[in-house]
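Let me begin by presenting the structure, written as structure tokens, before commenting on it.
A note on names: the letters A, B, ... follow the listed sequences, proteins ahead of strands, and every chain is numbered from 1.
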Protein chains: 2
Amino acid sequence: MALEHAILVSLLEKPGSGYELARRFERSIGYFWTATHQQIYRVLKRMETDGWVDVREVPQQGRPDKKEYSVAVLGRSALSSWLHEPIEPESVRHDLAVKIRGAAFDDPAALIHEVERHHQVHTDRLAHYLAGERRDFTGPEAPAALDAGQQLQHAVLRGGIAYERMTITWLEDVLDTLHALKPERT
Amino acid sequence: MALEHAILVSLLEKPGSGYELARRFERSIGYFWTATHQQIYRVLKRMETDGWVDVREVPQQGRPDKKEYSVAVLGRSALSSWLHEPIEPESVRHDLAVKIRGAAFDDPAALIHEVERHHQVHTDRLAHYLAGERRDFTGPEAPAALDAGQQLQHAVLRGGIAYERMTITWLEDVLDTLHALKPERT
DNA sequence: CTTGTCTATGCAACTCGTTGCATAGCAGGA
DNA sequence: TCCTGCTATGCAACGAGTTGCATAGACAAG
């Protein structure tokens, strides 16, 4: 599993609490990995007992205290050895594709709304990614010279952008197919 | 969960045994959903007790007997109601993206091999999909007129092709980024 | 005749991930 | 004052998915 490693990467980029990690996983890390706060707390606890991360109690004003985690030496070497071992190319799990094939045995026209809804979600995500790209990498506010970490983050973000663009185009293709099918079923 | 529904769709397209389903999930259905035989057998058993599928013992010659499953009335209505309820747009889980961001804290050059390996796998998958498309949809052997089911299957396959093409292009982008990074770290 | 491979089904144990719920401090508004 | 909402952490139970192992008939190769 890679959640531990995703957490290590995130903590290396910036130390933080479980709560903060959960919010990062809703944002930038969430572009390519998702996790709920329960999962994160559980894994953080295990990583702590394994000595992968260090904890520091941080008293706060105006809000509850937090535990700030940072990567320990053991965690860094665990990440390093994971980086050096090969992983299986991921296999997709796409509910919507199951639905599209299933629509042949039901009413294909009823799917149009659902596909349009997904189209909208992906359009919004694309806009969100592009805004992030302008802010951090290509806009006037972006740093002139990017370090290795930033260049790699940008490459990952470009992947997210390419994914959303591809998905949007495909969903339009699916919509065309559904519309072309519709008249046949009167 | 959608494994039950993926099985229903597959059985509607063609009835079959758990073993046959497992092989379909390695092939065409596997383009957008994966499952091992243990998972399939377990779910099939539950679907049988729920009355979603009918079983028929089929004696065979030259090989063990099999249980052929087909979709029952209850299964059809279960699929239908699932098709009519909205699903969450999927969130991606991309180990490789975690590795790429993590590489900033290790040796980015060490990732080049891994990315090239993934590039090869996706190139092979693309070739496999394109061969399937020619065979079933666009080649001289393909049927002249496609029914609704075939048109929707083709649309899903086009999605797989678009996904592989996008991934291949992105991995080349990542490779360029890694190569450009390399000289900086001597 | 033994070994390996393919078809065919299944159990048991485990890990991963989700859902529901609980607690608690603090802030702001009705 | 009470209610809502945000920060912050966590338990318990369940469901989904993986891994290892077991069984068994048939066939082909050595």
Side-chain angles (χ1 to χ4, degrees), chain A residues 1-7 11 15-27 29-30 32-50 53 55-69 82 87-95 98, chain B residues 1-8 10-11 15-27 29-30 32-50 53 55-69 82 87-95 98:
Chain A
M1 98 125 157
L3 178 55
E4 287 146 324
H5 304 108
I7 288 175
L11 288 180
S17 68
Y19 188 83
E20 282 161 355
L21 281 171
R23 292 208 302 171
R24 286 186 217 170
F25 273 81
E26 282 169 14
R27 294 181 64 262
I29 322 271
F32 52 85
W33 203 270
T34 53
T36 59
H37 75 273
Q38 286 86 347
Q39 231 180 310
I40 290 167
Y41 282 123
R42 202 197 303 158
V43 172
L44 270 178
K45 187 145 284 182
R46 187 173 64 228
M47 290 168 78
E48 190 192 335
T49 62
D50 290 350
V53 290
V55 203
R56 198 169 58 94
E57 286 273 345
V58 179
Q60 297 189 116
Q61 289 147 347
R63 53 181 66 179
D65 298 352
K66 66 174 180 177
K67 297 185 192 174
E68 196 183 73
Y69 290 87
W82 177 70
I87 47 169
E88 282 300 299
E90 91 302 346
S91 22
V92 199
R93 288 259 168 126
H94 214 310
D95 301 61
V98 179
Chain B
M1 99 125 158
L3 177 55
E4 286 146 325
H5 305 107
I7 288 176
L8 284 175
S10 191
L11 288 180
S17 68
Y19 188 81
E20 283 161 353
L21 281 171
R23 292 209 302 169
R24 285 185 218 170
F25 273 81
E26 283 168 13
R27 294 180 65 263
I29 321 271
F32 53 83
W33 203 271
T34 54
T36 60
H37 76 272
Q38 286 87 349
Q39 229 181 311
I40 290 166
Y41 282 123
R42 200 195 306 157
V43 172
L44 270 178
K45 186 146 286 183
R46 187 173 64 229
M47 290 168 78
E48 190 192 333
T49 62
D50 291 350
V53 290
V55 203
R56 199 168 58 95
E57 285 273 345
V58 179
Q60 297 189 116
Q61 288 148 349
R63 54 180 65 178
D65 298 352
K66 66 173 181 179
K67 297 186 191 171
E68 195 182 75
Y69 290 88
W82 178 70
I87 47 170
E88 281 301 298
E90 91 302 345
S91 21
V92 199
R93 288 262 167 124
H94 215 309
D95 301 61
V98 179

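Proximity of B/Phe32 to A/Asp95: side-chain heavy atoms (C-beta onward) are nowhere separated by under 4.5 Å. For the pair B/Leu44 and B/Leu21, the minimum side-chain heavy-atom distance is below 4.5 Å. Annotation: side chain of B/Glu4 is in contact with side chain of B/Met47 (closest heavy-atom distance under 4.5 Å). Counting only heavy atoms from C-beta outward, the side chains of A/Trp82 and B/Val98 approach each other to under 4.5 Å.
One interatomic measurement links the two molecules: CZ of B/Arg46 to P of D/dC14, which rounds to 15 Å at whole-angstrom precision. As rounded to whole Å, 14 Å separates atom P of D/dT18 from atom CD of A/Glu90. Atom NE2 of A/His37 and atom C1' of C/dA22 are 10 Å apart (whole Å). One can place CD1 of B/Ile40 at 14 Å from C1' of D/dA16, the figure rounded to the nearest angstrom. Per the geometry, CZ belonging to A/Phe25 stands 16 Å off C1' belonging to C/dT18, to the nearest Å. For the pair B/Leu3 CG and C/dG17 P, the computed distance is 17 Å after rounding to whole Å. Atom C1' of nucleotide D/dG5 and atom CZ of A/Arg63 are separated by 13 Å, given to the nearest angstrom. When rounded to the nearest whole Å, the span between NZ of A/Lys45 and C1' of D/dA12 equals 14 Å.
For C/dG17, the base has no donor-acceptor partner in the side chain of A/Gln38 [N/O atoms by modelled type, under 3.5 angstrom].
The minimum heavy-atom distance between B/Ala6 and B/Phe25, with the atom names listed, is CB-CZ, 4.0 Å.
If you find the closest nucleotide of DNA chain D to B/Pro64 and to B/Ala35, the one lying nearer the 5' end belongs to B/Ala35. Both B/Tyr69 and A/Thr34 lie near DNA chain C, and the one whose nearest nucleotide falls closer to the 5' end is B/Tyr69.
A sub-4.0 Å separation between OP1 or OP2 of C/dT9 and a side-chain N or O of B/Tyr19 is absent. For B/Ser17, a side-chain nitrogen or oxygen approaches OP1 or OP2 of C/dT9 to under 4.0 Å.
Side chain of A/Arg42, nearest nucleotide from D/dG17, C/dG10, D/dA13: D/dA13. Relative to the side chain of A/Lys66, the nucleotides C/dG17, C/dG10, D/dT9 differ in distance, and D/dT9 lies closest. Distances from the side chain of A/Gln39 to the nucleotides C/dG17, C/dG10, D/dT9 place C/dG17 closest. Distances from the side chain of A/Arg93 to the nucleotides C/dG10, D/dT18, C/dT9 place D/dT18 closest.
Residue contacts for B/Gln60: at a heavy-atom cut-off of 4.0 Å it reaches the sugar-phosphate backbone alone, with no base atom in range.
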